[in-house]
S.K.: 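Structure provided below as structure tokens; questions to follow.
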Amino acid sequence: MNNVFEKNLIALEQKNKKLAERLKNYLPNEVPQIVQENGSYNILYKRLYIHNKINPLGEAREIFSMAVNEPNSIHVIYGIGLGYLFQFSSQNSKGVVILYETDLNLMWLAFTLVDFSNEILKKNIYLTDSYDDMADAIYQKSGVKNTPQLLVLPAYRELNQQDFSALVQNLQKTVGEFAMDLQFTKEKFYPALQMMIQNIPNLLKELPLALFKDLYKSKTAVVVSAGPTLDRNIETLKKHRDKYVLFTVGTALKTLYANNLTPDFLCIIETFDSSRQVEELDLSCVNFITEPYSNPAIRRFKYKNTYSHISANMPINHFLADVFGFDISEYWSKGTVSHTALNSARLLGFSKIVLVGQDLSYVEGQCYSKDSAYKDLICNYNKESEKWEITAKDMDSFANAISPSSDYNTRLADAKFRLDRLNKSLYYVKGINGDMIPTEVVYASFVKPLSEYAKHFNDRIYINTSLVGAQIDGFKNMPLEDALKDSEEVGNISLNTDFKYDKENIKKELKLNLTELNKSAEYIDTALGYIKNLRNILRHSSEINADALKCLKKISQNYLYLSGEFSTKSKLFDFMMAEDKINLDYEMKMVTEFNYNNVQRICNSSFDYYNNAKIKLANISNLLGDVLNESFNSES
């Protein structure tokens with residue numbers, strides 16, 4: 001082992017021990033050739049020069065110059081070569097650099113020739129040969145205002161054309177998933193928290209679904225989604241109706257009712273008002289499964305029974321679990337209603353779970369079932385733009401289906417916004433027949449979780465009857481007729497229990513949480529005082545003086561406590577301020593020096609954070625106070 005190689009490995013062990021160990025024991029199966037031309041070293045590998053033959057360092061500079069370089073930037077370097085691009089990026093990036101190299105022949109060679117130890121040891125540098133590890137690094141550094149930038153040598157694209165195309169697609173999908181998570185955190189935590197608190201009076205009457213675990217052993221469940229192939233399976237669903245228990249998501253409900261099929265279980269979990277999906281339908285014979293944070297409007301309808309599915313992956317549910325004394329480990333979900341329906345069926349013990357209409361793609365130009373809420377959407381190839389495009393056959397009908405607003409212009413604006421979001425998220429997935437088929441990134445992101453679910457809970461049979469949609473590994477692909485023909489009749493099974501909540505303890509826990517939350521008021525007012533002082537200083541001085549820096553330090557210390565230690569103690573405050581924390585964190589990360597403009601910007605952003613905190617604190621405190629007074633009046 002030469003000194004350079006050993007020095008690189010010692011540094012790498014501090015960042016990625018597994019990769020360091022693999023390199024230490026690696027024996028190259030094809031040693032790339034080192035060549036020297038025009039005073040620079042290059043690699044000749046598989047008949048290709050890895051770097052520019054005239055000016056490899058200039059090539060690296062040019063590639064990096066095309067990337068946005070800010071404190072929040074994420075620079076993903078695909079391929080190390082001799083390290084020109086990696087070293088230049090590591091030395092100049094204001095953000096994060098992630099080196100992703102899948103060819104250990106090249107990484108081994110680079111590590112034997114070039115000393116990268118200083119770059120490797122920098123805090124903002126990550127190295128990996130694993131896509132999952134790279135994705136984790138991206139996830140740790142991603143925000144709603146920054147996305148990874150892929151920097152790659154032209155030769156690497158040519159050398160690994162298929163791998164590079166797959167990498168780009170996977171990155172788009174990964175970033176889409178992360179963006180959805182972060183966007184949900186930013187946009188939905190606070191309204192979801194409000195809805196959960198408003199729902200507490202109803203939650204006290206609803207039963208946790210896990211109370212009925214394994215009640216339907218040896219039975220078959222059919223989980224219906226609103227994909228285009230639902231229409232093709234309607235007659236088979238009718239034919240075998242006594243052989244399965246029917247679960248449906250909200251968007252497929254009207255298709256079922258239009259064909260005289262009444263579901264046993266309806267799943268709706270959305271935070272937006274989705275009551276249009278169920279309006280004018282008799283739901284008195286339908287069991288309703290929903291999340292604690294779902295929109296209160298959907299609870300106003302008359303159902304046979306209502307059950308809580310308290311998804312463990314949703315952080316705000318952990319607050320409710322603590323207060324109500326729930327064990328939520330059985331509630332697996334990824335925040336999607338089809339996943340919730342699947343887990344509900346598994347939780348209730350069904351030995352065979354059959355998916356219908358779970359196409360996760362646009363089939364033959366059709367986006368949804370012909371009687372579903374989104375029936376007017378079609379996906380066609382636009383020859384002029386040379387792109388697939390989602391449009392509405394009847395814009396008014398589509399607007400009426402998705403928007404509860406009584407104002408026509410508002411409904412139309414909602415519909416156009418939804419179409420714009422759908423078109424911006426168009427994506428392609430591998431179909432059951434092996435071809436690449438159009439979908440949207442949201443649906444593409446469902447494929448992997450469903451596959452992982454089937455792999456984890458592998459003690460039962462999973463069947464997908466969409467024979468033209470996305471391939472979901474872990475599910476058998478077969479026609480619905482074949483999936484149901486051997487199923488036994490369900491018979492009469494009742495969901496009865498004498499379970500009762502400990503309302504006295506729930507009231508006690510809610511009061512404790514409210515008391516802890518209200519402690520934030522003192523810190524909010526103190527910080528607003530510091531901000532007022534800082535604004536006065538900035539108003540009377542065009543330079544940053546010691547008094548301004550002292551004020552800024554006090555604001556920062558206050559914020560670090562509230563967003564750190566205090567948020568750990570008060571989950572209500574943490575969820576309440578999630579969006580504002582993301583915004584302020586972003587502004588702070590963008591600061592590289594404390595000049596007048598930067599300090600003024602931080603001052604204004606801090607004011608927004610604390611002013612919103614004051615408003616939200618009053619709102620949440622009032623909501624929770626009202627719930628305590630109204631729902632626990634008899635216990636007071």
S.K.: So does Phe607 get a backbone contact from the side chain of Asn611, meaning a donor-acceptor N/O pair under 3.5 Å?
M.R.: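 Judged by distance alone, no pair lies under 3.5 Å.
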S.K.: Does any part of the side chain of Phe326, heavy atoms only, come nearer than 4.5 Å to the side chain of Leu320, both counted from C-beta?
M.R.: yes
S.K.: Should Phe301 and Thr306 count as side-chain neighbours, where that means a heavy-atom distance under 4.5 Å?
M.R.: no
S.K.: Do any N or O atoms from the side chain of Asn513 and from the backbone of Glu509 form a donor-acceptor pair under 3.5 angstrom?
M.R.: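 Answer holds: yes.
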S.K.: Between Asn199 and Pro292, is there a donor-acceptor pair closer than 3.5 Å when you use the side chain of the first and the backbone of the second?
M.R.: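 Confirmed, Asn199 side chain pairs with Pro292 backbone.
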S.K.: Can you confirm whether or not the ring centre of Tyr190 sits under 6.0 Å from the ring centre of Phe575?
M.R.: no
S.K.: Once you measure the plane-to-plane angle for His309 and Tyr331, does it fall in the parallel (<30°), tilted (30-60°) or perpendicular (>60°) bin?
M.R.: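 Ring orientation of His309 relative to Tyr331: perpendicular.
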S.K.: Do you know which of Asp547, Val599, Leu552, Leu549 makes side chain to side chain contact (heavy atoms under 4.5 Å, CB included) with Ile537?
M.R.: Asp547
S.K.: Is there side-chain contact between Glu291 and Ile268, with at least one heavy-atom pair below 4.5 Å?
M.R.: no
S.K.: Is there a donor-acceptor pair under 3.5 Å between the side chain of Asn124 and the backbone N or O of Val96?
M.R.: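 Not at all, since once roles are kept as given, no pair shorter than 3.5 Å links the two residues.
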S.K.: Determine whether Leu207 and Ser308 make a side-chain contact, defined as any pair of heavy atoms from C-beta on separated by less than 4.5 Å.
M.R.: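 Leu207 vs Ser308: side chains apart.
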S.K.: Would you check, one step at a time, whether the test ring-ring contact (aromatic ring centres under 6.0 Å, His included) holds for Phe212 with Tyr307?
M.R.: CA-CA 10 Å; Phe212 306 99; Tyr307 301 98; 5.5 Å; yes
S.K.: Assess the side chains of Arg601 and Asn598: does a donor N or O sit below 3.5 Å from an acceptor N or O?
M.R.: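 The criterion, which ignores hydrogens and geometry beyond distance, is satisfied for Asn598 and Arg601.
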S.K.: Which atom pair, heavy atoms only, marks the closest approach of Ser344 to Cys267?
M.R.: OG-SG, 4.5 Å
S.K.: Does Arg535 use its side chain to pair, donor to acceptor, with the backbone of Cys603 at less than 3.5 Å?
M.R.: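 Not at all, since once roles are kept as given, no pair shorter than 3.5 Å links the two residues.
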S.K.: Determine, stepwise, if the pair Asn536 / Arg539 fulfils side-chain hydrogen bond (donor to acceptor under 3.5 Å, both in side chains).
M.R.: CA-CA 5 Å; Asn536 285 333; Arg539 195 176 295 119; 2.6 Å; yes
S.K.: Side chains of Asp407 and Ser405: any donor to acceptor distance under 3.5 Å?
M.R.: no
S.K.: Looking only at atom types and distance, does a side-chain atom of Thr128 sit under 3.5 Å from a main-chain N or O of Ser130, one as donor and one as acceptor?
M.R.: yes
S.K.: Determine, stepwise, if the pair Lys511 / Glu516 fulfils salt bridge (charged side-chain N to carboxylate O under 4.0 Å, His left out).
M.R.: CA-CA 9 Å; Lys511 283 185 173 181; Glu516 190 66 43; over 6 Å; no
S.K.: From Leu510 CG over to Phe324 CZ, what is the distance, rounded to the nearest 0.5 angstrom?
M.R.: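 One finds 7.0 Å between CG of Leu510 and CZ of Phe324.
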S.K.: What distance do Leu572 atom CG and Lys616 atom NZ have between them, rounded to the nearest 0.5 Å?
M.R.: 13.5 Å
S.K.: Treating Arg299 as the side-chain partner and Asn202 as the backbone partner, does any N or O pair qualify as donor plus acceptor under 3.5 Å?
M.R.: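 No; zero donor-acceptor contacts below 3.5 Å.
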S.K.: So, for Ser606 and Ile555, which heavy atoms are closest and what is the spacing to 0.1 Å?
M.R.: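 Closest approach of Ser606 to Ile555, heavy atoms only: OG-CG2, 3.8 Å.
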S.K.: Would His339 and Tyr453 count as a close aromatic pair, with their ring centres under 6.0 Å?
M.R.: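 Judged by ring-centre distance (under 6.0 Å), His339 and Tyr453 do meet the cut-off.
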S.K.: Quick one: does Asn295's side chain have a donor or acceptor within less than 3.5 Å of a partner on Ser274's backbone?
M.R.: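 Looks like no, no N/O pair under 3.5 Å.
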S.K.: Do Ser333 and Thr340 meet the criterion of a side-chain donor-acceptor pair at a distance under 3.5 Å?
M.R.: yes
S.K.: Short question: side chain of Asn69, backbone of Lys94 - any donor-acceptor pair under 3.5 Å?
M.R.: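 Such a contact is found between Asn69 side chain and Lys94 backbone.
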S.K.: When you check the side-chain N and O atoms of Asn558 and Tyr610, is any donor under 3.5 Å from an acceptor?
M.R.: yes
S.K.: Here's a test for you: under side chain to side chain contact (heavy atoms under 4.5 Å, CB included), which of Thr290, Val249, Leu342, Thr251 qualifies with Val337?
M.R.: Val249
S.K.: For the backbone of Tyr609 and the side chain of Asp580, can you confirm whether one donor and one acceptor N or O come within less than 3.5 Å of each other?
M.R.: no
